[in-house]
4 protein chains.
Amino acid sequence: MKIGFLGGGRMGMAIAGRLLDHGHELFAWNRTRDKLAPLAQRGATVMNSPAEAAEGVDAVVSMLSDDDAVSRAALGAEDGAILGLSSGRVHVSMSTIGLRTVERLAREHEARRQRFVSAPVLGRPEAAQRGELVVLAAGLAEALDACAPIFEAVGKETHRFGDDPKRANVVKLLLNFVLASMLETLGEAFTLAERSGVRSDLLLDILDGAVFKSPMFAAYGHKIVRESFVPAGFDLALGVKDVRLLLEAGEAQALPMPVASVLRDRFLQAMALGLRDKDWSAVARARRSPPHAPAKIQDGGRT
Amino acid sequence: MKIGFLGGGRMGMAIAGRLLDHGHELFAWNRTRDKLAPLAQRGATVMNSPAEAAEGVDAVVSMLSDDDAVSRAALGAEDGAILGLSSGRVHVSMSTIGLRTVERLAREHEARRQRFVSAPVLGRPEAAQRGELVVLAAGLAEALDACAPIFEAVGKETHRFGDDPKRANVVKLLLNFVLASMLETLGEAFTLAERSGVRSDLLLDILDGAVFKSPMFAAYGHKIVRESFVPAGFDLALGVKDVRLLLEAGEAQALPMPVASVLRDRFLQAMALGLRDKDWSAVARARRSPPHAPAKIQDGGRT
Amino acid sequence: MKIGFLGGGRMGMAIAGRLLDHGHELFAWNRTRDKLAPLAQRGATVMNSPAEAAEGVDAVVSMLSDDDAVSRAALGAEDGAILGLSSGRVHVSMSTIGLRTVERLAREHEARRQRFVSAPVLGRPEAAQRGELVVLAAGLAEALDACAPIFEAVGKETHRFGDDPKRANVVKLLLNFVLASMLETLGEAFTLAERSGVRSDLLLDILDGAVFKSPMFAAYGHKIVRESFVPAGFDLALGVKDVRLLLEAGEAQALPMPVASVLRDRFLQAMALGLRDKDWSAVARARRSPPHAPAKIQDGGRT
Amino acid sequence: MKIGFLGGGRMGMAIAGRLLDHGHELFAWNRTRDKLAPLAQRGATVMNSPAEAAEGVDAVVSMLSDDDAVSRAALGAEDGAILGLSSGRVHVSMSTIGLRTVERLAREHEARRQRFVSAPVLGRPEAAQRGELVVLAAGLAEALDACAPIFEAVGKETHRFGDDPKRANVVKLLLNFVLASMLETLGEAFTLAERSGVRSDLLLDILDGAVFKSPMFAAYGHKIVRESFVPAGFDLALGVKDVRLLLEAGEAQALPMPVASVLRDRFLQAMALGLRDKDWSAVARARRSPPHAPAKIQDGGRT
């Protein structure tokens with residue numbers, strides 16, 4: 001396929017690399033042009049604007065940092081991709097963005113008889129490089145079918161959620177919500193354990209080994225126990241954004257989400273403590289009120 | 001070993017059965033004597049009071065419903081086990097009770113030169129019958145050593161947390177806390193998914209299959225998706241009690257636990273809705289505010 | 001003064017009426033032109049667009065329903081007031097809008113060498129008709145001075161908060177926050193009182209008579225006790241908006257505001273219950289979990 | 001009246017002083033006997049035990065620090081007041097204690113054909129000295145009538161809440177709840193104001209002057225603005241206790257109280273920061289997350 005590609009961050013580069021691996025022809029644009037050099041060396045054509053990158057291609061893929069960046073690149077009045085894309089062709093947004101932005105993108109592309117697919121992904125850049133993302137896709141069935149080669153290049157599995165592109169984003173935001181809730185819950189649990197004299201690694205052994213048996217609990221649990229928040233797999237500042245987008249999605253359905261509200265407050269506290277560039281699991285250690293009577297931690301372990 | 005046994009509930013009967021399986025001699029007491037008939041048929045001696053059950057044994061095991069029941073059976077001024085137990089012998093409390101009660105038990109047994117071990121367990125009665133509980137134990141090392149045959153009879157693994165008996169209970173309460181947080185989080189997530197037009201079973205497929213890969217998420221997730229809360233594996237009313245005991249443990253360390261506070265409020269809401277005898281995963285469905293604009297749920301699935 | 005006026009809601013009409021009372025010359029615009037008839041009868045000129053209303057006047061006053069309405073009327077690319085306003089003249093925004101909108105308004109007016117003043121007001125339309133609003137104003141000192149005749153027409157007092165227009169809005173949002181917190185707190189208190197068998201009007205008597213001695217507590221307290229939420233002094237839907245804007249203001253300072261988060265969840269619950277057009281004090285009665293054991297309410301009273 | 005008096009704290013001494021002023025005959029007991037010297041000088045008889053203080057009197061008044069202290073003094077197996085009080089006589093508990101304790105006191109006194117009245121009071125020791133407390137009383141009507149001379153000595157008004165003594169305590173706990181909610185709300189509001197560049201005293205001026213017009217808002221607002229938390233009018237540690245008792249009262253009715261849960265967490269944070277002896281308004285300043293970008297605070301004020 002001829003593919004326009006918008007974005008040059010870590011995730012974007014990994015996805016673009018996979019598309020080249022699979023033999024697609026790439027027309028890439030990024031606000032900071034230099035970042036695209038590795039793609040150019042592998043044969044991608046570097047373009048001057050989103051509109052140019054979208055001209056004549058079968059699909060434009062965007063993987064940008066936030067709602068504003070996607071809106072500008074796609075809908076910018078001067079040089080947005082929407083101005084270049086041919087009728088009937090698809091814009092596939094793979095960023096984790098909010099429902100209002102998705103709705104606006106869908107509406108404006110439709111007004112030009114273009115198609116819009118939302119396909120946020122699950123997984124880190126390293127997984128993307130290996131083509132092992134999980135793709136969450138929603139949009140008109142034939143548009144999703146047209147994007148299948150793209151999804152196959154980057155993902156090990158694709159889940160489809162029907163016509164309405166927003167639904168893919170709801171799912172992505174909810175997955176991040178459940179993860180963030182785990183982080184905060186472990187933070188509260190480990191802190192109480194330690195203040196009560198229990199080693200948090202022993203608690204984690206049981207939590208994971210005997211209760212959840214989940215590689216996700218194990219991986220994040222160890223990060224938190226060891227306070228190993230650098231390098232960030234997922235920036236805490238992105239977590240703040242995702243919690244906000246989730247709360248907006250809840251507000252659109254008039255649904256109170258008290259755990260999400262707790263997460264919001266904790267992420268803000270972590271931001272105020274200067275942790276924005278740390279891994280988002282650092283929320284589990286956002287300075288909690290100091291112990292008034294630190295307990296002596298005893299040894300122990302499995303017998 | 002000669003073992004006094006206090007309790008006749010489902011968990012108590014399963015544990016007592018294992019002790020008989022392992023050849024221990026049992027002197028059993030329960031407030032409702034009839035419940036002990038199955039033990040008597042297998043050779044246990046049914047006693048008239050906790051004090052009698054404790055006389056001349058190596059250890060007294062208690063598995064009773066709550067703090068009050070344990071306090072009365074162990075410390076009752078008329079016929080508590082403490083009156084019968086010999087100096088140097090052990091009271092092993094296996095119930096999930098609060099730290100203040102544990103502290104009081106430890107203090108009063110010590111005052112009579114008896115030993116106290118707290119050893120709450122992880123697992124359902126069915127697991128107990130198979131000897132597959134996880135035992136969380138704390139107390140003086142030699143007292144724990146003396147109880148090893150008991151722990152071996154009921155558990156597949158034992159974790160030790162040092163001298164202070166309270167620590168075993170902190171761990172047990174924290175495990176239940178992390179589970180309860182998962183229940184509430186899934187409840188919020190599934191509700192928003194459905195209101196946004198996403199089938200909650202599809203969300204669960206991804207949550208478990210691609211993210212957590214945890215049998216615990218899968219099992220509880222399906223209960224919640226199907227609203228299958230009967231029979232109760234763990235009564236919601238017991239969940240209320242455990243959240244309260246956890247909050248007390250947090251208060252003792254002056255530690256705010258906002259997720260635990262959210263759980264408290266949700267469990268109370270569920271109680272008010274008459275769900276006390278349902279499985280505690282029913283908190284995930286405690287009637288949330290009704291949808292103002294129910295979305296049409298679309299088909300979808302993995303491709 | 002020659003004043004352009006944007007808006008035709010209840011509050012807008014009351015303010016515009018005051019400006020006419022004080023002898024100002026009004027050039028009024030509203031999206032629904034008919035609503036302005038009463039002003040036209042009193043001598044105001046009805047204009048076709050915000051841009052026209054802003055032409056040649058000393059100041060444009062806007063009193064519109066929300067951030068979008070203000071943004072469009074002020075900055076609309078086709079006919080926004082910004083296109084008509086002369087250099088050096090002032091746009092006075094009196095709506096309760098968010099900080100980001102205020103910032104954008106300030107930036108864009110400044111870029112055209114116009115001035116921007118934010119001056120949200122405190123009080124109901126009835127107070128506005130009597131010129132008894134409280135004006136919260138921020139902007140450059142000389143722009144504030146230029147607006148003094150406007151503020152005098154509508155308000156009994158004006159408070160100034162310095163150069164940065166956003167600050168007036170922070171103050172307005174905070175005042176509404178403290179009021180909304182009172183509503184939720186009274187709701188929780190009255191509900192527990194009644195379930196415990198205490199008449200909520202007796203509780204209110206003491207709360208107001210012996211503790212707060214505040215006409216605000218008395219007025220809202222009686223609305224809640226009597227469940228008298230119609231007609232709405234302030235629509236619940238506007239309360240939702242203001243809580244959202246407040247949380248955004250908190251997020252901009254990385255400040256967790258747990259009470260505001262509780263309010264958000266309660267207002268959403270009330271929206272889901274269909275109370276959007278009721279007085280915002282109805283949040284105090286958003287259906288709470290039903291009583292499991294309603295207490296008999298006893299008589300009582302002051303002796 | 002012949003009155004037994006249990007307690008020697010600041011509030012107890014003030015109340016006892018008033019009873020002497022009104023010509024009652026006092027038989028006083030306190031755990032620390034020395035504290036009663038000022039009463040003895042004024043003619044009170046100092047007794048050796050609560051039981052002795054209760055012998056032969058018309059009523060026993062208790063004003064002690066917490067549930068434990070009241071339970072021990074009233075019901076102590078060795079020398080509790082219950083052992084000395086004659087049949088038909090009254091125990092009037094004026095402490096702010098929890099519903100379970102009140103229920104137990106009522107039950108045990110009734111079992112001995114004694115009467116129990118709960119009559120917590122509103123006001124500081126200074127108000128007590130002037131006889132200006134507000135008395136919240138519940139119990140059997142004839143018992144309340146019998147206590148009228150006591151209430152008249154200490155209070156400027158008495159409110160009766162029917163037969164069930166617990167109701168007086170619910171009211172007292174709710175009044176403290178509404179006050180504590182005000183403290184936390186002001187804390188959140190002032191913090192956001194300051195971070196946004198608004199002087200909190202200017203915000204308070206409007207909050208109180210134009211909105212609430214309440215001496216309570218003014219008094220506490222100024223304490224918080226000035227961070228004037230010493231001397232404590234009401235110890236923060238007592239606030240922790242009262243929030244806990246309130247949450248227990250809510251739990252007894254299966255009523256979620258999310259604002260009370262927020263208060264619990266904030267009070268614990270304040271305790272962890274070592275503020276237990278400060279005025280409870282210090283919760284409003286329990287170290288919040290530090291500002292990431294402190295705004296320059298501008299001048300301003302009313303014009």
Side-chain angles (χ1 to χ4, degrees), chain C residues 122 134 136 157-164 166-167 170-171 174-175 177-179 181 184-186 188-189 191-193 195-198 202-203 205-207 210-217 249-250 253-260 262 265-266 288-289 291-293 298-303, chain D residues 122 134 136 138 157-164 166-167 170-171 174-175 177-179 181 184-186 188-189 191-193 195-198 202-203 205-207 210-217 249-250 253-260 262 265-266 288-289 291-292 298-303:
Chain C
L122 218 68
V134 174
L136 311 168
E157 53 188 86
T158 298
H159 297 260
R160 292 166 70 152
F161 296 94
D163 291 355
D164 182 347
K166 289 197 300 295
R167 291 176 186 174
V170 167
V171 172
L174 285 173
L175 297 175
F177 164 58
V178 180
L179 281 168
S181 169
E184 166 65 15
T185 301
L186 291 180
E188 296 186 15
T191 306
L192 179 57
R195 292 207 188 158
S196 305
V198 173
L202 295 185
L203 175 59
D205 278 358
I206 300 170
L207 254 181
V211 182
F212 286 101
K213 301 186 178 76
S214 158
M216 200 56 101
F217 263 82
Q253 302 299 332
L255 180 70
M257 299 186 76
V259 168
V262 165
D265 286 340
R266 183 70 76 189
R288 292 159 198 273
S289 53
H292 62 146
Q298 296 193 349
D299 283 340
R302 181 167 162 186
T303 57
Chain D
L122 219 67
V134 174
L136 312 168
E157 53 189 86
T158 297
H159 297 260
R160 293 166 70 151
F161 296 94
D163 291 353
D164 182 347
K166 289 197 300 294
R167 291 177 185 173
V170 167
V171 172
L174 285 171
L175 297 175
F177 164 58
V178 180
L179 281 168
S181 169
E184 166 65 14
T185 300
L186 291 180
E188 296 186 15
T191 306
L192 179 56
R195 293 210 187 155
S196 305
V198 173
L202 296 184
L203 175 60
D205 277 358
I206 301 169
L207 254 180
V211 182
F212 286 101
K213 299 185 179 74
S214 158
M216 201 56 102
F217 263 81
Q253 302 299 333
L255 179 70
M257 299 186 77
V259 167
V262 165
D265 287 340
R266 182 70 76 191
R288 292 159 197 273
S289 51
H292 60 147
Q298 296 193 349
D299 282 339
R302 182 168 163 184
T303 56

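Just the heavy atoms: all of them, side chains too, but no hydrogens, waters or symmetry mates, feed the values below. Proteins get letters first, then strands, A, B, ... in listed order; numbering begins at 1 in each.
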*Asks:* How long is the straight-line distance from OG of D:S214 back to CE of C:M216, given to the nearest 0.5 Å?
*Replies:*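 C:M216 atom CE to D:S214 atom OG measures 11.5 Å (nearest 0.5 Å).
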
*Asks:* Pick from D:L192, D:D265, D:L136: which one has the most heavy-atom pairs with chain C under 4.5 Å?
*Replies:*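 The answer is D:L192.
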
*Asks:* Can you sort out the partners of C:A189 under side chain to side chain contact (heavy atoms under 4.5 Å, CB included), two or more places apart, ordered by chain and number?
*Replies:*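 Result, side chain to side chain contact (heavy atoms under 4.5 Å, CB included) vs C:A189: C:L203, D:L174, D:F177, D:V178.
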
*Asks:* So does D:V259 get a backbone contact from the side chain of C:E184, meaning a donor-acceptor N/O pair under 3.5 Å?
*Replies:*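 No; judged by distance alone, with no hydrogens or angles, the pair does not exist.
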
*Asks:* Who wins among C:V171, C:L207, C:I206 for the most heavy-atom pairs under 4.5 Å with chain D?
*Replies:*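 Most heavy-atom pairs under 4.5 Å with chain D: C:I206.
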
*Asks:* Please round to the nearest 0.5 Å and tell me the distance separating atom CE of C:M257 and atom OG1 of D:T191.
*Replies:*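 The distance works out to 8.0 Å.
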
*Asks:* Of all of C:L179, C:V134, C:L122, C:L186, which one pairs up most often with chain D through heavy atoms under 4.5 Å apart?
*Replies:*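 The residue among C:L179, C:V134, C:L122, C:L186 with the greatest pair count is C:L179.
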
